[in-house]
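In what follows, a single structure is set out as structure tokens and then discussed.
For clarity, every value in this text was computed on a predicted model and none was experimentally measured. One-based numbering, in listed order, for ligands and for the atoms of each.
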Amino acid sequence: MTKRILVTGGSGFLGSHLCDRLLDEGYEVICLDNFFTGRKQNILHLIGNPLFELYRHDVTFPLYIEVDEIYNLACPASPIHYQRDPVQTTKTSVHGAINMLGLAKRVKAKILQASTSEVYGDPEQHPQKESYWGNVNPVGFRSCYDEGKRCAETLCFDYYRQHRMPIKVIRIFNTYGPRMHPSDGRVVSNFIMQALRNEPITIYGDGSQTRSFCYVSDLIEGMSRMMQTEADFTGPVNLGNPAESTIRELAELIIRLTGSKSRLEFRPLPADDPVRRRPDISLAREKLGWEPDISLESGLKETIEYFKGVIREEG
Ligand code: NAD
Ligand code: UDP
């Protein structure tokens with residue numbers, strides 16, 4: 001029988017690419033979303049596919065359906081969105097994980113939790129390995145996301161130890177690509193939209209902070225390989241591109257690739273903004289045989305084409 005797979009947060013940026021991939025592989029997909037940051041446009045092309053089902057639901061409420069696998073991606077990922085309703089953000093990660101783990105337990109489904117590099121906080125170890133416990137402020141503006149995701153990881157591991165459930169935890173590092181929301185607020189979408197409109201590029205701080213940017217197709221490949229690993233491999237495993245850039249370098253690259261006339265505008269750095277971030281992906285290489293192969297330049301070119309289309313549609 002065809003496997004039935006639940007993707008929570010399925011109409012968001014990563015979730016919609018995952019739905020595409022699972023349908024291409026011939027699975028039945030239930031895409032669940034409350035449309036907090038997700039958009040119908042991301043999955044419009046899937047409506048009418050007999051293997052695809054869209055379900056409006058909030059993961060903070062229990063869910064009773066029958067599925068074989070669960071990818072739990074529901075949670076706003078951009079700092080401006082997850083800080084808009086921080087209580088709901090914590091609830092989404094924590095109650096959402098409890099509900100999805102409870103569902104997985106009842107129907108004996110395998111569950112993959114989308115965790116984040118934010119569990120390392122403002123890291124004192126560089127690059128970050130999975131064995132590092134992190135440096136997280138528990139009472140700051142980012143805590144609703146960071147601590148919510150950390151607690152979701154705890155819940156996964158307690159369900160694994162207590163109920164011997166098959167869990168898979170991935171820690172996603174900054175990922176970008178087509179279908180990011182144009183006003184998502186994350187750095188890649190902000191800079192590309194600003195560059196295409198010849199508006200000032202808003203650099204927070206002096207732009208010397210670093211991130212390591214992974215293209216969406218690479219990330220989805222890693223996520224899918226993780227779900228297929230042997231039962232005893234739980235992770236957590238880092239998924240990201242180890243090529244590290246400063247935010248200023250990213251701005252300059254986007255200006256060059258778009259041929260923009262934008263200038264750089266420096267704005268105050270938000271509180272607790274991590275100074276450096278780069279994944280150590282040795283574990284993913286070893287266990288998943290995975291590493292990213294799309295360079296920042298080629299990934300950005302694809303993403304720029306996507307945002308040009310968004311601007312054309314806006315008229
Ligand atoms: P996104 O905001 O585009 O997608 C999140 C989706 O979850 C949206 O469709 C949103 O409407 C939905 N959602 C939010 N709260 C919900 C709720 N209570 N019930 C049901 N649906 C809800 O973000 P994304 O980049 O696609 O991120 C997907 C997942 O990956 C998130 O869990 C995020 O924390 C994780 N992640 C992403 C990145 C990245 O760089 N993209 C990095 C680390 C972790
Ligand atoms: N950033 C920036 N200008 C923007 C948006 C973000 O300089 O318009 C910076 C932000 O301060 C951070 C980095 O870019 O240092 C990445 O931010 P993002 O919100 O994409 O993700 P984060 O990794 O901080 O969760």
Note every protein N or O atom lying under 3.5 Å from an N or O atom of ligand 2, pairing the names and giving the distance.
unit_1	atom_1	unit_2	atom_2	d
ligand 2	3 (N)	Thr202	O	2.6
ligand 2	7 (O)	Tyr204	N	2.8
ligand 2	8 (O)	Asn190	ND2	2.8
ligand 2	8 (O)	Thr202	O	3.2
ligand 2	8 (O)	Thr202	OG1	2.9
ligand 2	8 (O)	Tyr204	OH	3.4
ligand 2	11 (O)	Asp273	OD2	2.6
ligand 2	15 (O)	Gln209	NE2	3.0
ligand 2	15 (O)	Arg211	NH2	3.3
ligand 2	15 (O)	Asp273	OD1	2.6
ligand 2	15 (O)	Asp273	OD2	3.3
ligand 2	20 (O)	Val187	N	2.8
ligand 2	23 (O)	Asn174	ND2	2.9
ligand 2	23 (O)	Arg211	NE	2.7
ligand 2	23 (O)	Arg277	NH1	2.8
ligand 2	24 (O)	Arg142	NH2	3.0
ligand 2	24 (O)	Arg211	NH2	3.1
ligand 2	25 (O)	Glu118	OE2	3.3
ligand 2	25 (O)	Arg142	NH2	3.0

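If you check which protein heavy atom lies closest to atom 27 (O) of ligand 1, you get Ala77 CB, 3.7 Å. Remark: minimum distance from atom 3 (O) of ligand 1 to any protein heavy atom is reached at Phe13 N, 2.9 Å. Protein heavy atom at the shortest distance from atom 4 (O) of ligand 1 is Gly12 CA, 3.6 Å. The protein non-hydrogen atom at the shortest distance from atom 18 (N) of ligand 1 is Asp58 OD1, 2.9 Å.
Lys40 forms a cation-pi arrangement with Phe35, by the criterion of a distance under 6.0 Å to the ring centre and an angle within 45° of the ring axis. Under a cutoff of 6.0 Å and an axis angle of 45°, Arg84 and Tyr82 do not form a cation-pi pair.
In terms of heavy-atom proximity, Tyr215 sits nearest to Thr175 at C-CG2, 4.2 Å. Looking at every heavy atom in both residues, Ser115 comes nearest to Glu153 through OG-OE2, 2.5 Å. In this structure, Ile203 and Arg248 approach most closely via the heavy-atom pair CD1-CA, 4.0 Å. Here the shortest heavy-atom pairing between Ser262 and Ile201 reads CB-CG1, 3.7 Å. Between Arg278 and Pro127, the shortest heavy-atom contact is O-CB, 3.2 Å. The shortest non-hydrogen separation linking Phe13 to Tyr176 is CZ-C, 3.3 Å.
Put simply, Leu269 and Ile247 are part of two different groups of oily side chains (I, L, V, M, F, W, Y) that touch within less than 4.5 Å, one to the next.
Ligand 1 has no nitrogen or oxygen under 3.5 angstrom from a nitrogen or oxygen of Ser115. Remark: ligand 1 and Lys149 share an N or O pair separated by less than 3.5 Å (distance only, no angle test). Checked by distance only, ligand 1 and Ala74 stay at 3.5 Å or farther apart across all their nitrogen or oxygen atoms. For Asn34, a nitrogen or oxygen atom sits less than 3.5 Å from a nitrogen or oxygen atom of ligand 1, counting backbone and side chain alike. The distance criterion of under 3.5 Å between nitrogen or oxygen atoms is met by Leu14 with respect to ligand 1. Checked against a 3.5 angstrom limit, the closest N/O atoms of Phe36 and ligand 1 fall inside it. Every N/O-N/O distance between Gly15 and ligand 1 stays at or above 3.5 Å.
For atom 36 (N) of ligand 1, the nearest non-hydrogen atom from the set Phe173, Phe213, Tyr145 comes from Tyr145. The option from Cys75, Ser117, Gly96 that lies nearest to atom 14 (C) of ligand 1, judged by heavy atoms, is Cys75. For atom 40 (O) of ligand 1, the candidate residues are Leu73, Val187, Thr175; the nearest heavy-atom contact is made by Thr175. Of the listed residues (Thr37, Thr89, Val59, Ile172), the one carrying the non-hydrogen atom nearest atom 43 (C) of ligand 1 is Ile172.
With sequence neighbours left out, Glu130 forms a salt bridge (Lys or Arg N to Asp or Glu O under 4.0 Å) with no residue at all.
Contacts of Arg186 with ligand 1, taken as heavy-atom pairs under 4.0 Å, involve the side chain alone.
Distances from ligand 1 to the non-hydrogen atoms of Gln88 include at least one value under 4.0 Å. In this structure, Asp33 counts as a contact residue of ligand 1, since one of its heavy atoms falls inside 4.0 Å of the ligand. Residue contacts with ligand 1 include His57, since one or more of its heavy atoms lies under 4.0 Å from the ligand.
Residues Thr202 and Glu265 have side chains that never bring a donor and an acceptor to within less than 3.5 angstrom of each other. Judged by distance alone, the side chains of His126 and Glu244 do bring a donor and an acceptor atom under 3.5 Å apart.
Taking every non-hydrogen atom of Phe35 and a distance limit under 4.0 Å, the qualifying atoms of ligand 1 come out as 11 (O). Every atom of ligand 1 with a heavy atom of Gly9 under 4.0 Å away is listed here by number and element: 6 (C), 7 (O), 9 (O), 12 (C). Atoms of ligand 1 lying under 4.0 Å from at least one heavy atom of Pro76, given by number and element, are 2 (O), 14 (C), 15 (N). The atoms of ligand 1 that sit less than 4.0 Å from any heavy atom of Ser11 are 9 (O).
Taking a 6.0 Å sphere around CZ of Phe141, one finds it holds 12 or fewer heavy atoms contributed by other residues, nucleotides or ligands.
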Using the rule given for salt bridge (Lys or Arg N to Asp or Glu O under 4.0 Å), can you reason through Arg21 versus Glu221, listing the C-alpha separation, both sets of side-chain angles and the distance that settles it, and then say yes or no? CA-CA 9 Å; Arg21 158 110 188 198; Glu221 177 64 34; 2.7 Å; yes
Pair Glu124, Arg276 - check salt bridge (Lys or Arg N to Asp or Glu O under 4.0 Å), show working. CA-CA 9 Å; Glu124 288 155 328; Arg276 296 182 79 187; over 6 Å; no
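Ionic pairing of Arg256 and Glu297 is present here: one or more N-O contacts between side-chain nitrogen and carboxylate oxygen are shorter than 4.0 angstrom.
Between Tyr159 and His163, the two ring planes are tilted [angle within 30° to 60°].
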